[in-house]
Amino acid sequence: MKILTDMILSQSAYTAEIDVPLQKVDIADWLFTLPEAEYLRCCPPDHIGAGTTTTDDGRRMSINVEMIGTALVVQHYVAEEATASYCRMNSISDVFTPVGRTQVNVIWELMAEAIEGGRTRYTNRVTSHPTDVFLDFIAAHGQTFEQAAAARQEAGGDHNRRETPLFAASIARRALGKVAAK
């Protein structure tokens with residue numbers, strides 16, 4: 001399978017501010033210790049399941065199962081970089097659509113930066129690239145890349161817009177050592 005990094009299927013970035021100083025935030029710790037129930041609270045009803053594992057060569061992974069629009073997506077995120085203020089996760093994601101299964105590449109970036117007043121700005125950026133398998137899939141179903149990209153941009157952007165403030169709140173709770181709301 002080939003990832004077509006010169007093409008963007010969708011891209012969105014949303015931010016949320018939290019009342020926690022940057023030095024208390026640890027995105028990598030949050031991401032790789034996130035209880036499944038907390039993940040589900042971060043974008044109901046879209047988030048279905050989550051867990052952590054490793055690749056065969058020991059790199060950390062986050063597995064997320066979620067609905068993006070009308071597609072069930074299984075994300076196999078491998079950590080390319082995972083620090084307290086920045087995580088870059090890369091996935092070949094399985095996408096189950098009403099007309100069949102395909103695969104796309106998803107880059108998920110989680111970023112924290114200090115802002116005035118001892119606060120932190122969290123940014124959740126998601127960029128999807130098509131694979132050659134995806135292009136064959138949409139062609140077989142009579143859809144152009146432009147149509148597929150427009151649909152993915154709408155669904156993915158809406159999902160990211162809704163989950164970003166909930167991820168930020170969860171990161172803040174973790175940073176402050178509070179028990180997550182039920």
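Note that the structure is a prediction, hence the values are computed from the model and not measured.
- Residues Ser170 and Trp30 come closest through the heavy atom pair OG-NE1, 2.8 Å.
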- Message: The test is side chain to side chain contact (heavy atoms under 4.5 Å, CB included); show your working for Thr123 and Glu109 and say whether it passes.
- Response: CA-CA 8 Å; Thr123 301; Glu109 294 174 281; over 6 Å; no
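- Contact detail for Ala16 and Ala168: the closest heavy-atom pair is CB-CB, 3.6 Å.
- Cluster note: Ile107 groups with no other residue, as no ILVMFWY side-chain heavy atom lies under 4.5 Å from it.
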- For Leu166 and Arg41, run side chain to side chain contact (heavy atoms under 4.5 Å, CB included): C-alpha distance rounded to whole Å, both residues' side-chain angles, the deciding distance at 0.1 Å, then the answer. CA-CA 8 Å; Leu166 299 173; Arg41 287 187 286 270; over 6 Å; no
I'd like a table of donor-acceptor pairs (distance under 3.5 Å, sequence neighbours excluded) in which one partner is a side-chain atom from residues 134-153, with atom names and distances.
from	atom 1	to	atom 2	distance (Å)
His141	ND1	Phe137	O	2.8
His141	NE2	Val99	O	3.4
Thr144	OG1	Gln147	N	3.0
Thr144	OG1	Gln147	OE1	3.3
Gln147	OE1	Thr144	N	2.8
Arg152	NH2	Ser128	OG	3.1
Gln153	OE1	Gln11	N	2.9
Gln153	NE2	Gln11	O	2.8

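- Cys42 and Pro44 make their closest contact through C-CD, 4.0 Å (heavy atoms, listed as atom of the first residue, atom of the second, distance).
- Rounded to the nearest 0.5 angstrom, Ile8 CD1 and Asn105 CG are separated by 11.0 Å.
- Here the closest non-hydrogen pair linking Asp26 and Asp29 is OD1-N, 3.0 Å.
- For the atom pair NE2 (His129) and CG (Asn90), the distance works out to 8.5 Å, reported to the nearest 0.5 Å.
- Annotation: the span from Ser91 atom OG to Glu80 atom CD amounts to 10.5 Å, rounded to 0.5 Å.
- Between Asp19 and Arg119 there is a side-chain heavy-atom pair separated by less than 4.5 Å.
- Pairs of residues two or more places apart, or lying in two chains, that qualify as ring-ring contact (aromatic ring centres under 6.0 Å, His included) and include a residue from residues 54-87 are Tyr77-Trp108.
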- Kindly indicate, with the supporting measurements, whether the criterion side chain to side chain contact (heavy atoms under 4.5 Å, CB included) is fulfilled by Met61 and Val78. CA-CA 4 Å; Met61 291 181 68; Val78 176; 3.9 Å; yes
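- Nearest approach of Ser12 to Gly156, heavy atoms of both residues: OG-O, 4.1 Å.
- Thr120 places a side-chain N or O within donor-acceptor distance of the main-chain N or O of Leu22, the cut-off being under 3.5 Å.
- Side-chain contact between Glu66 and Ile48 is absent, with no heavy-atom pair separated by less than 4.5 Å.
- In this structure, the side chain of Asn160 engages the main chain of Asn124 through a donor-acceptor pair within 3.5 Å.
- Minimum interatomic distance between Val20 and Ala172 (heavy atoms only, all atoms of both residues): CG2-CB, 3.8 Å.
- Hydrophobic side-chain contacts under 4.5 Å tie Met1 into a cluster, directly or through other members, with Ile3, Ile92, Val133.
- Contacts of Asp132 classified as salt bridge (charged side-chain N to carboxylate O under 4.0 Å, His left out), with partners at least two apart in sequence or in another chain: none.
- Going from atom OG1 of Thr131 over to atom CE of Met7 covers 10.5 Å, rounded to the nearest 0.5 Å.
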- Query: Step by step, would you call Val73 with Met67 a side chain to side chain contact (heavy atoms under 4.5 Å, CB included)?
  - Reply: CA-CA 6 Å; Val73 184; Met67 290 297 296; over 6 Å; no
- Could you walk me through whether Glu38 and Arg174 pass salt bridge (charged side-chain N to carboxylate O under 4.0 Å, His left out), step by step? CA-CA 11 Å; Glu38 179 69 357; Arg174 175 76 178 189; over 6 Å; no
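- For Arg162, the salt bridge (charged side-chain N to carboxylate O under 4.0 Å, His left out) test picks out Asp46, Asp158, with sequence neighbours left out.
- Side-chain atoms of Gln75 never come within 3.5 Å of backbone atoms of Ser93 as a donor-acceptor pair (strictly under, hydrogens ignored).
- Two different hydrophobic clusters hold Met111 and Phe32 under the rule that ILVMFWY side chains link at heavy-atom gaps under 4.5 Å.
- Note: Ile27 CD1 to Leu34 CG = 12.5 Å, rounded to the nearest 0.5 Å.
- Taking a 6.0 Å sphere around CG of Asp56, one finds it holds 12 or fewer heavy atoms contributed by other residues, nucleotides or ligands.
- For the atom pair Asp94 CG and Gln103 CD, the distance stands at 5.0 Å (nearest 0.5 Å).
- Clustering ILVMFWY residues whenever any of their side-chain heavy atoms sit less than 4.5 angstrom apart, transitively, puts Leu31 in the very cluster that holds Leu40.
- No donor-acceptor pair under 3.5 Å is formed between the side chain of Asn64 and the backbone N or O of Val74.
- In the hydrophobic cluster analysis, where Ile, Leu, Val, Met, Phe, Trp and Tyr join through side-chain heavy atoms closer than 4.5 angstrom, Val104 is grouped apart from Ile63.
- Classification of the His47-His159 ring pair by plane angle, with boundaries at 30° and 60°, yields tilted.
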